[in-house]
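The figures that follow rest on heavy atoms only: side chains count, while hydrogens, waters and symmetry mates do not. Since we're looking at a predicted model, the values are computed, not measured.
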2 protein chains.
Amino acid sequence: MTLGYMEDTAAHPAQDAAQCQRIKDVLARVGDRWSVMIVITLDGGTMRFNELKRHLGITQRMLSLTLKELERDGLISRTYHPTIPPKVEYALTPLGKSFSEPVRSIGRWAIDNLTNIDVCRQRYDAAADTPD
Amino acid sequence: MTLGYMEDTAAHPAQDAAQCQRIKDVLARVGDRWSVMIVITLDGGTMRFNELKRHLGITQRMLSLTLKELERDGLISRTYHPTIPPKVEYALTPLGKSFSEPVRSIGRWAIDNLTNIDVCRQRYDAAADTPD
DNA sequence: CAGGATCCCCCAAGATACTG
DNA sequence: CAGTATCTTGGGGGATCCTG
């Protein structure tokens with residue numbers, strides 16, 4: 001599988017289609033805004049629930065849901081300390097850490113090209129204002 | 001900027017916050033399902049509108065909108081051939097190609113860890129069924 | 001063929017309130 | 001503190017029809 005052209009080949013059409021679907025699934029999870037932000041954040045070290053909440057400016061609900069999904073996928077671990085008040089720590093698993101690498105490369109690209117994209121947008125918008 | 005912990009530091013709080021926001025913006029564009037799929041597909045070579053449409057199983061509307069955004073961001077180029085019938089070719093720009101690299105690394109990670117994630121999910125779901 | 005214009009639906013995600 | 005439960009809404013995105 002090449003990640004490039006992904007059309008059905010005469011050779012193994014159904015298999016490719018299935019693979020593509022699976023990749024879409026993973027990318028859906030991975031592409032999710034909050035998932036990415038959480039992974040990036042936890043890459044900096046273990047954090048508690050409300051720490052993440054404040055840090056990301058995410059709502060309680062979305063944080064809770066996203067963390068559960070990430071834990072289900074094995075990307076993060078949840079450690080509950082039955083103290084009073086309770087304390088729950090979230091951290092990247094080895095799988096999560098391996099995932100954070102390509103994610104960081106995307107992040108780095110984003111940083112490196114922020115202004116680049118801005119220039120493109122301005123040029124595009126300017127051209128739209130002056131049609132011809 | 002480290003992409004790790006991104007909390008306000010005493011040093012430059014506002015700047016960090018602004019950067020984070022920008023990164024979120026770019027990731028929002030980049031994280032978009034169709035944007036990623038289109039970039040991956042075009043990484044395989046130039047394609048026409050309906051080719052992309054068939055290939056991705058995307059609706060006309062979404063394809064049109066997403067292509068416009070990608071063009072605005074300078075990731076893809078649009079070449080119009082005023083023939084009859086008209087012919088429009090889409091291709092990655094150099095910026096788009098540079099972006100496709102980290103995207104491909106994510107794709108590769110996804111492929112490498114599909115089964116890995118499946119196992120984690122099954123284990124998680126099984127544990128949920130047998131709550132201790 | 002390449003797309004613009006419209007209508008419409010559904011659910012992702014925010015806000016709010018409550019609990020162990 | 002670390003969540004769950006419930007209600008509500010914006011807009012993402014599909015379907016359909018139309019044009020140069």
Side-chain angles (χ1 to χ4, degrees), chain A residues 7 21 24-39 41-42 45-73 76-91 124 127-128 131-132, chain B residues 7 21 24-39 41-42 45-73 76-91 124 127-128 131-132:
Chain A
E7 76 277 20
Q21 190 48 53
K24 277 188 200 173
D25 291 347
V26 176
L27 285 183
R29 166 91 359 100
V30 148
D32 173 54
R33 174 189 172 196
W34 290 127
S35 296
V36 172
M37 296 305 291
I38 288 175
V39 168
T41 302
L42 287 183
T46 298
M47 283 185 85
R48 302 177 59 177
F49 188 87
N50 275 348
E51 259 182 308
L52 281 168
K53 183 172 176 304
R54 277 190 300 272
H55 190 78
L56 296 174
I58 185 179
T59 59
Q60 233 169 27
R61 175 188 147 80
M62 286 315 296
L63 179 56
S64 177
L65 290 175
T66 308
L67 285 174
K68 223 179 292 181
E69 285 299 302
L70 288 173
E71 190 194 355
R72 178 166 181 262
D73 287 350
I76 67 173
S77 65
R78 192 190 106 112
T79 310
Y80 176 68
H81 299 87
T83 55
I84 295 179
K87 178 177 176 180
V88 179
E89 295 192 315
Y90 291 94
Y124 184 93
D132 179 70
Chain B
E7 76 277 21
Q21 189 50 52
K24 278 187 199 173
D25 291 346
V26 175
L27 286 183
R29 163 90 1 99
V30 147
D32 171 55
R33 174 188 173 197
W34 291 127
S35 295
V36 172
M37 295 304 291
I38 288 175
V39 167
T41 302
L42 286 183
T46 297
M47 283 185 85
R48 302 177 58 177
F49 188 86
N50 276 347
E51 258 183 308
L52 280 168
K53 184 171 175 304
R54 278 190 300 272
H55 191 79
L56 296 174
I58 185 179
T59 59
Q60 226 170 34
R61 175 187 149 81
M62 288 315 296
L63 179 56
S64 177
L65 289 176
T66 308
L67 285 174
K68 224 179 289 180
E69 284 301 300
L70 288 173
E71 189 194 355
R72 178 167 181 259
D73 287 350
I76 66 174
S77 64
R78 192 191 105 112
T79 311
Y80 176 69
H81 299 88
T83 56
I84 296 180
K87 178 177 177 180
V88 180
E89 295 193 315
Y90 291 94
Y124 184 93
D132 184 64

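- In terms of phosphate contacts, B:S64 brings a side-chain nitrogen or oxygen within less than 4.0 Å of OP1 or OP2 of C:dG4.
- Side-chain nitrogen and oxygen atoms of B:K53 include none within less than 4.0 Å of the OP1 or OP2 phosphate oxygen of C:dC1.
- Smallest separation of non-hydrogen atoms from A:A91 and A:T46: CB-OG1, 3.5 Å.
- Counting all heavy atoms, side chain and backbone alike, A:R78 lies closest to A:Y90 at CG-CE2, 3.3 Å.
- Atom CG in B:L65 sits roughly 14 Å away from atom P in C:dT6 (whole-Å rounding).
- Nucleotides of DNA chain D nearest to B:M62 and A:N50 differ in position, and the one nearer the 5' end is that of A:N50.
- Taking atom CD on B:E51 and atom C1' on C:dA2, their separation rounds to 13 Å, with Å as the unit.
- Rounded to an integer number of Å, the gap from A:E69 CD to C:dA13 P is 11 Å.
- Atom CG in A:L63 sits about 13 Å away from atom C1' in C:dA13, given to the nearest Å.
- Heavy atoms only, all atoms of each residue included: B:M47 and B:T41 are closest at SD-CG2, 3.4 Å.
- Chain B approaches DNA chain D over the interval D:dG13 to D:dG20, counting the first and last nucleotide 5' to 3' with an atom under 4.0 Å from its heavy atoms.
- Residues of residues 80-89 of chain A that place a heavy atom closer than 4.0 Å to DNA chain D, in numerical order, are A:P85, A:P86, A:K87, A:V88.
- In this structure, B:W34 and B:T66 approach most closely via the heavy-atom pair CB-OG1, 3.9 Å.
- The side-chain heavy atoms of B:N50 and B:K53, taken from C-beta on, include a pair separated by under 4.5 Å.
- The CD atom of A:E69 lies 10.5 Å from the CG atom of A:L67; values are rounded to the nearest 0.5 Å.
- A:P86 and A:Y80 make their closest contact through CB-CE1, 4.0 Å (heavy atoms, listed as atom of the first residue, atom of the second, distance).
- Remark: C1' of C:dA2 and CZ of B:R54 are 12 Å apart, rounded to the nearest angstrom.
- The CG atom of B:L65 sits 11.0 Å away from atom CG of B:L70, with the distance rounded to the nearest 0.5 Å.
- A 4.5 Å side-chain heavy-atom check between A:L52 and A:I58 finds every atom pair outside the cut-off.
- In this structure, the CZ atom of A:R61 is 9 Å from the P atom of C:dA12, given to the nearest Å.
- Taking atom CG on A:D32 and atom C1' on C:dA12, their separation rounds to 10 Å, with Å as the unit.
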